[in-house]
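In what follows, chains are A, B, ... by sequence order, proteins preceding strands, each numbered from 1. Because only heavy atoms are used, hydrogens play no part in the values below, and waters and symmetry mates are left out as well, while side chains stay in.
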Amino acid sequence: MSTNDNLVPANFISQIITHDLKEHKNQGKVATRFPPEPNGYLHIGHAKSICLNFGIATEFKGTCNLRFDDTNPEKESIEYMQSIERDVQWLGFEWAGLYHASDYFEQLYGYAIELIEKGLAYVDSLSAEQIRLYRGTLTEPGKESPDRNRSIADNLDLFQRMRAGEFADGQYVLRAKIDMASPNINMRDPAIYRIRRVHHQRTGDAWCIYPMYDYTHCISDAIEGITHSICTLEFEDHRPLYDWVLDQLPSLAHPQQIEFARLQLEYTIVSKRKLNQLVMEKHVQGWDDPRMPTIAGLRRAGFTPKSIRDFCERIGVTKQNSWIEMGVLEYCIREDLNENALRAMAVLQPLRVVIDNYPDEQTLELEISNHPQRHELGKRIVPFSKVILIEQDDFAEIPPPKFKRLIEGGEVRLRGSYVIKCNEVIKNADGQIIELRCSYDPDTLGKNPEGRKVKGVIHWVSEQHSLPAEIRLYDRLFKVPAPDNEENFLDAINPDSLHIISSARVEASLANAQAETGYQFERTGYFCLDAQDSVAGRLVFNRTVSLREGGWGND
RNA sequence: UGGGUCGUCGCCAAGCGGUAAGGCACGGGGUUUUGAUCUCCGCAUACCAAGGUUCGAAUCCUUGCGACCCAGCCA
């Protein structure tokens, strides 16, 4: 994916695979998979996993599947599946195969029968509550269920009747028979099947028993011929169970599970439960709200797939729990947009400027470069006329130290245009500045003025030619770096995460701006048309990120 | 007081016994019709701590200390 892979040191997973390949493990094949549960939208943390799994497949000329881990129909939906497919593709990846754990329900059932026949699984009638009690604690061993030594014949009969729907939800559960005294709690006879009469988004009502993650995941990996099953750190304790299940089913291949640290990004949360809560309780406008750390949100905010891939490459892959600063993500999007975004001018807080010595009805069509460094990106026409609009902030009655924009009696360069001088400040009855009377120097178009230096350059638009626009300035959604650590993460929501500017004016060339195309509004930041709310005649732009020297906020 | 994992610059992260890469951030020069970009320079005598092995240790050993994860019929 990147052109400078040699600059990026191999992460520990690549090292393991390189080593495996050297030993000719798996016949020299490398197969990974990205296994999301379709119970929410993908977020930046998933992007890390996606880039890792698909990246490894590319690096080693292997394959990467997209597999939905759809074993808990209560929380899952087709909408989420569709969004996940869309997001993975948008990020720029192509899966070798698209599968669902539910594709394997019949096989999974068969392997469960095999375990029962081998005396390695039993049907338990203990209630959920009792099972919890019997499990013991972190420091005390568990107790065996009275049903643990049920005969194989009875187990078989009961399990078949579980499938047949003869029992109520929760009445029985199929458990792996491992070791109730294991110091690893996951090995204390984990449940592998539960009875749940829930309509499944893909299998409908064909099943009333559903397999659990630990049992399903390893077998699904094996069925697909996955060689390296990459997951996050919290599954480290589950690896013995992953291995146990596959060790009992010798007809199956045995992928290697490798764990890495999940992404933690400052000022964001990536808990699906909490993201879901933000959406449901309307703290944001939806899963694709530009403030959301979801792929859909980042996309709507104007992030590019390339910038996200670059980010995932920069942060590295290790087993260390770490926090990534927002600055890294911002750097990645700025780098991409600086190179590729066309420049334009937009005035967020307009201040009227009348150029007294410019002809009343005259319009000058200036040709301004779309990119200061990449002239191959062409030029655009920007009309100039007697009345222009500049940013209120670009004029100061009492200039702070080092201020280099417009002041009364001072000069400033209008970007791509003339140098003007402010001769008079007009105020209203309340003392507010409502207009500036200026004069222009006709001999400064494309050249520096004679005998003096003009340091400042400001952006502008022609009043009569500019277009009205709504501009949405987004800031970080949370006030604290680790909202997840708060008692209630909702209290950490930044009340000023969205600042809407409804009376901005943008240059005429933006009339046909395309959604998902980033623009740099010179001197103010990177923006893109809002794909949802922008309509002809009412342009809406989202700020992706400010120019350097700000956060995801800071005007 | 059980088990698993991790401790290298403010934040990431190379390093795999031969004498601390790189990126982000930050500070300072230069260029610039964006206070952007670009560019140059600076930024860990030091690798959680203390012992030990070795000619030589961030890398090996020992003992501490700190952090994270695990007691769903969630994934």
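Backbone-only engagement by Tyr331(A) is indicated by non-hydrogen atom pairs under 4.0 Å involving sugar-phosphate atoms exclusively. Ile131(A) comes within contact range of at least one nucleobase, with a heavy-atom separation under 4.0 Å. Heavy atoms of Phe521(A) sit nowhere under 4.0 angstrom from any nucleic acid atom. Ile209(A) comes within contact range of no nucleotide atom at all, as no heavy-atom separation falls under 4.0 Å. The residue Gln373(A) sits close to a base: some heavy atom pair falls under 4.0 Å. At a threshold of 4.0 angstrom between heavy atoms, the contacts of Phe235(A) include nucleobase atoms, whether or not backbone atoms are also involved. Across all strands, Arg343(A) comes closer than 4.0 Å to base atoms (heavy-atom distances). Among the atoms of the strands shown, none is found under 4.0 Å from any heavy atom of Glu266(A). At a threshold of 4.0 angstrom between heavy atoms, the contacts of Leu138(A) include nucleobase atoms, whether or not backbone atoms are also involved. Residue Ser127(A) is in base contact, counting any heavy-atom pair closer than 4.0 Å across all strands shown. Among the atoms of the strands shown, only primed sugar atoms or phosphate atoms (P, OP1, OP2) are found under 4.0 Å from some heavy atom of Met212(A). In this structure, Lys272(A) reaches neither bases nor backbone, as no heavy-atom distance under 4.0 Å exists between it and the strands shown. Across all strands shown, Lys404(A) has heavy atoms under 4.0 Å from base atoms, whether or not it also approaches the sugar-phosphate. In this structure, Pro35(A) reaches neither bases nor backbone, as no heavy-atom distance under 4.0 Å exists between it and the strands shown.
Note: CG (Asp394(A)) to C1' (U33(B)) measures 14 Å, nearest angstrom. If you measure from atom CZ of Phe311(A) to atom P of A25(B), you get 13 Å, rounded to the nearest angstrom.
A donor-acceptor contact under 3.5 Å links the side chain of Asp237(A) to the base of G3(B). Residue Arg523(A) places no side-chain atom within donor-acceptor reach of the base of U34(B), judged by atom type and a 3.5 Å distance cut-off alone. In this model, no side-chain donor or acceptor of Arg548(A) finds a partner on the base of U37(B) within 3.5 Å. Evaluation of atom-type donor-acceptor distances gives a pair under 3.5 Å for the side chain of His238(A) against the base of A75(B). Not a single donor-acceptor contact under 3.5 angstrom links the side-chain atoms of Glu259(A) to the base of U5(B). In terms of polar N and O atoms assigned as donor or acceptor, the side chain of Arg405(A) comes within less than 3.5 Å of the base of G35(B) in a complementary pairing. Glu325(A) contributes a side-chain N or O that forms a donor-acceptor pair with the base of G10(B) under 3.5 Å. Judged by atom type and distance alone, Glu234(A) does not reach the base of C70(B) through any side-chain donor-acceptor pair under 3.5 Å. Side-chain atoms of Arg314(A) stay outside donor-acceptor range of the base of C12(B), with no qualifying N/O pair under 3.5 Å.
As the counterpart of G42(B), C26(B) is assigned, both hydrogen-bonding distances of the Watson-Crick or G-U wobble pattern falling under 3.5 Å. Nucleotide A13(B) forms a pair with no other nucleotide shown, judged by Watson-Crick or G-U wobble geometry with both contacts under 3.5 Å. Within the shown strands, G66(B) is the pairing partner of C6(B) under the Watson-Crick or G-U definition, both distances less than 3.5 Å. Pair assignment for U31(B) gives none, since no Watson-Crick or G-U wobble pairing has each distance under 3.5 Å.
Rounded to the nearest Å, the gap between the P atom of G17(B) and that of C73(B) is 44 Å. Nucleotides A50(B) and G3(B) have their C1' atoms positioned 27 Å apart, rounded to a whole Å. Atom P of C6(B) sits at a distance of 12 Å from the matching atom of C60(B), rounded to the whole Å. Taking the P atoms as reference points, G7(B) lies 12 Å from G15(B), given to the whole Å. Between G42(B) and C9(B), the distance separating the two C1' atoms is 14 Å to the nearest Å. If you take atom C1' in U37(B) and the same atom in U32(B), they sit 9 Å apart, rounded to whole Å. When the P atom is used for both G72(B) and A67(B), the distance is 24 Å, rounded to whole Å. Atom name P, nucleotides C69(B) and U59(B): the rounded distance is 27 Å, in whole Å.
Aromatic pair His200(A)/Phe105(A): centroids less than 6.0 angstrom apart. Taking the six-membered ring for Trp and the full ring otherwise, the centers of Tyr440(A) and Tyr418(A) sit less than 6.0 Å from each other.
With sequence neighbours left out, the side-chain hydrogen bond (donor to acceptor under 3.5 Å, both in side chains) criterion links Thr524(A) to no other residue.
Glycosidic torsion of G7(B) falls outside 90° of 0, placing the base in anti.
The closest side-chain donor-acceptor pair between Arg374(A) and Asn340(A) falls under 3.5 angstrom. With hydrogens and angles left out, the side-chain atoms of Gln15(A) and Thr18(A) include no donor and acceptor closer than 3.5 Å.
Along RNA chain B, the nucleotide nearest to Thr444(A) and the one nearest to Phe12(A) differ in position, and the one closer to the 5' end is contacted by Phe12(A). Along RNA chain B, the nucleotide nearest Pro190(A) and the nucleotide nearest Leu445(A) are compared for position; the residue whose nucleotide lies closer to the 5' end is Leu445(A).
Counting only heavy atoms from C-beta on, Ile185(A) has its side chain closest to A71(B) among A71(B), C12(B), C68(B). Nearest nucleotide to the side chain of Thr71(A), out of A36(B), G3(B), A75(B): A75(B).
Using a cutoff of 4.0 Å between basic side-chain nitrogens and carboxylate oxygens, Asp103(A) and Arg67(A) are not scored as salt-bridged.
Judged by a 6.0 Å distance limit and a 45° cone about the ring axis, Arg163(A) is positioned over the six-membered ring of Trp207(A). The side-chain tip of Arg150(A) does not point at the ring of Tyr122(A) from less than 6.0 angstrom away and within 45° of straight on.
Between His238(A) and Phe235(A), the ring planes are perpendicular. Angles over 60° get that label, and only those under 30° would be called parallel.
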